[in-house]
Amino acid sequence: MTNLRNTPLRSLAANSPSRRANWKALGLSAEDMLKPKIAVINSSSELAICYAHLDGIAKIVKEEIRRAGGIPFEVRTAAPSDFITGANKGGSYILAGRDIIANDIEVQVEAALLDGMICLTSCDKTPPGHLMAAARLNIPTILVIGGYQQAGEIDGQPVDVEDVWSGQIGERFGAQPKFPVAEMAENAIMGPGVCAGMATANTMHCVVEALGMALPGHAPVRGNSPKMQANAREAARRIVAMVAEDLKPRSILTEGAFRNAVATVLAVSGSINAIKHLQATAVEAEMDLDIFALWEEMSDVPVLAAVRPTGAVRIEQFEDAGGARAVLKRLLPRISGDALTCSGKTLAENLADYEIEGPEVIHPMDNPIGKGPAIAILTGTLASSAVVRLGIRDGSRPEEFSGPARVFESTVDCMQAIEDRVVQPGDVVIARNQGLKGGPAMGGSASVILFALDAAGLAKTTAFVTDGQLSGLCLKGLTVAEVSPEAATGGPIGKVRNGDLVRISVAGRSIDIDVSAAELAAREGPGYCTPATGYLANFREVVRPLETGGVLLPLKD
Ligand code: FES
């Protein structure tokens, strides 16, 4: 048990008789009141397989916290998840849910003056929501990686939810799925956890470990496996010790830690969504850190592991090969080994005695799978920043493109034009009004357009440009997403007209439109936003631009 005798506990700071009366009524003894009170952040939900196992994990965590000398309090938060709670409003509630999670944590953990928190982090928006809350509250925090779902098989071939999703879109455009879609849907998800593959959730799980906010060797892990349960116990013991050591997130979330996270995303060819989530975390930590600039600084980092959708490696093979810890070991000469982690040691100390289990899966820096960067930031007359995911740069996808714009104000219109063969090879397809304000919350399902272009055989003969976001599963053709400023705030993407020549160059890191600045300025934007009510209308009012990661906080001058 951790020695907590000299630990200053903030939960005791406001311990009035009335507060103690309430603690007592909740079952705390006089001795318990002197123990650190730890929030167990749980987004368990019956509406998503990503969270379906977390009640059991929370139980394990609470047992272990008590054993280590702390008092756990389970705190429930919102539970956004793509396929069920993302069904309405073009998926707008998903990204908007990230900030609800951070705020949920603030209004419960901060309000109660708890001493630390352990966050069960799972579907896409929970890792950034937890990181943002940790950075904001700056109380001892550790994240437990919630694990990936076991994918299924048909005739000995792997089938996962990506196959179902791409299959259902492809069928509309005449593409033949590898198995009947209904059969794949029956077999794609065989257990709890996040989508298999290096999509946003598994990318963010690796990011969490690279930042030092999860213990080494925890990402990725199969959901609810004995290893995940052991990880949860280890993290539960560690959070009690972190309270005793007063080890806070802002000592861990340093520039070096963010550099390590950026390098990890590049090395695993992860989801582009990591960029805005890392930027939002840095803003919440009140750091003056430009993640977009850091991305360019680290752009020499090559691809070291090719997990689906980048390559054929399955997520369980990546886990068996050593996962994020092995990637960090490979990257160590290029990253910040002196970054402190939640283990209480530096990254380099954590890795000192570690041997990579699967060197054939996680390649060395001097013999990578592909040259870097797997994700690049573009700028130019069409965007002050935009993101392109390149994956393995083997020449199979174009990296230079120029063509006439074909502009769509909605996903529905764009899908119809693809189906009607209005979209032609050589076009630059522009889907706008899908940004933080226009979507709002990047709703609008830009990813669906990309899968439709692919199914229609147009992914490699067109380019796709959007101010919306893309699923972490999207890696097709030349796709430029998260164009900022977005159309709804007067960005150039809102002023492009059909036929304008658009030029994209990955080598030049540029995206330009052949229209003079004077003419662009004189043009009217679309003046269109998807209608929004309720929380989404509130989100639209207060959300900050992508340069902040899309936080809802007022910014300091
Ligand atoms: Fe939760 Fe894909 S829906 S990770």
Side-chain angles (χ1 to χ4, degrees), residues 41-55 57 77-98 100-101 119-131 143-152 158-169 184-185 188-208 219-224 228 265 268 270-274 276-277 307-309 314-316 318-319 323-324 441-443 445-448 450-451 469-475:
I41 306 297
N42 184 6
S43 51
S44 172
S45 167
E46 293 184 348
L47 282 172
I49 194 68
C50 309
Y51 305 118
H53 54 314
L54 294 188
D55 281 343
I57 299 297
T77 72
S81 169
D82 286 3
F83 293 105
I84 294 182
T85 57
N88 201 356
K89 311 276 186 191
S92 281
Y93 286 110
I94 301 301
L95 179 59
R98 179 194 74 175
I100 290 269
I101 292 167
C119 306
L120 312 186
T121 207
S122 183
C123 192
D124 298 11
K125 303 305 173 285
T126 48
H130 295 159
L131 290 171
L143 273 61
V144 176
I145 303 301
Y148 59 83
Q149 57 195 224
Q150 182 72 49
V159 171
D160 61 23
V161 73
E162 179 195 355
D163 297 312
V164 180
W165 193 48
S166 59
Q168 76 191 27
I169 299 168
M184 291 197 292
I189 304 175
M190 308 309 287
V194 302
C195 295
M198 195 54 76
T200 302
N202 279 314
T203 299
M204 287 305 299
H205 292 180
C206 292
V207 160
V208 167
V221 65
R222 183 163 55 80
N224 220 23
M228 186 195 160
V265 177
V268 300
S271 164
I272 65 168
N273 292 308
K276 63 177 170 289
H277 297 326
V307 183
R308 279 165 56 93
R314 297 173 67 170
I315 194 74
E316 51 267 48
F318 180 64
E319 179 193 351
M442 301 198 130
S445 307
S447 307
V448 176
L450 187 56
F451 277 81
Q469 65 182 351
L470 295 177
S471 155
L473 296 172
C474 287
L475 181 54

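Atoms within each ligand, like the ligands themselves, are counted from 1 in listed order.
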Could you check Y51 against E46 for side chain to side chain donor-acceptor pair (under 3.5 Å), going step by step and ending with a plain yes or no? CA-CA 8 Å; Y51 305 118; E46 293 184 348; over 6 Å; no
Would you say C195 has an N, O or S atom lying under 2.8 Å from atom 2 (Fe) of ligand 1?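 Under 2.8 Å: C195 contacts atom 2 (Fe) of ligand 1 through an N, O or S atom.
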Can a side-chain donor-acceptor contact be found between N273 and D124 if the only test is distance below 3.5 angstrom?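 Their side chains do not contain a donor-acceptor pair, so the 3.5 Å distance test is not met.
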Can you confirm whether the side chains of S447 and S471 place a donor and an acceptor under 3.5 Å from each other?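 Distance-only check fails for S447 and S471.
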Atoms in ligand 1 flagged as close to [X], the criterion being non-hydrogen separation under 4.0 Å:
{"X": "C50", "answer": "1 (Fe), 3 (S), 4 (S)"}
{"X": "D82", "answer": "3 (S)"}
{"X": "A201", "answer": "4 (S)"}
{"X": "D124", "answer": "4 (S)"}
{"X": "S81", "answer": "1 (Fe), 3 (S)"}

Trace of the side chain to side chain contact (heavy atoms under 4.5 Å, CB included) decision for R314 with V307: CA-CA 6 Å; R314 297 173 67 170; V307 183; over 6 Å; no
Between A441 and L95, the two heavy atoms sitting closest are O-CB, 3.5 Å
Step by step, would you call Q150 with E316 a side chain to side chain contact (heavy atoms under 4.5 Å, CB included)? CA-CA 8 Å; Q150 182 72 49; E316 51 267 48; 3.7 Å; yes
Can you check which of G86, S122, C123, P80 brings a heavy atom nearest to atom 1 (Fe) of ligand 1? C123
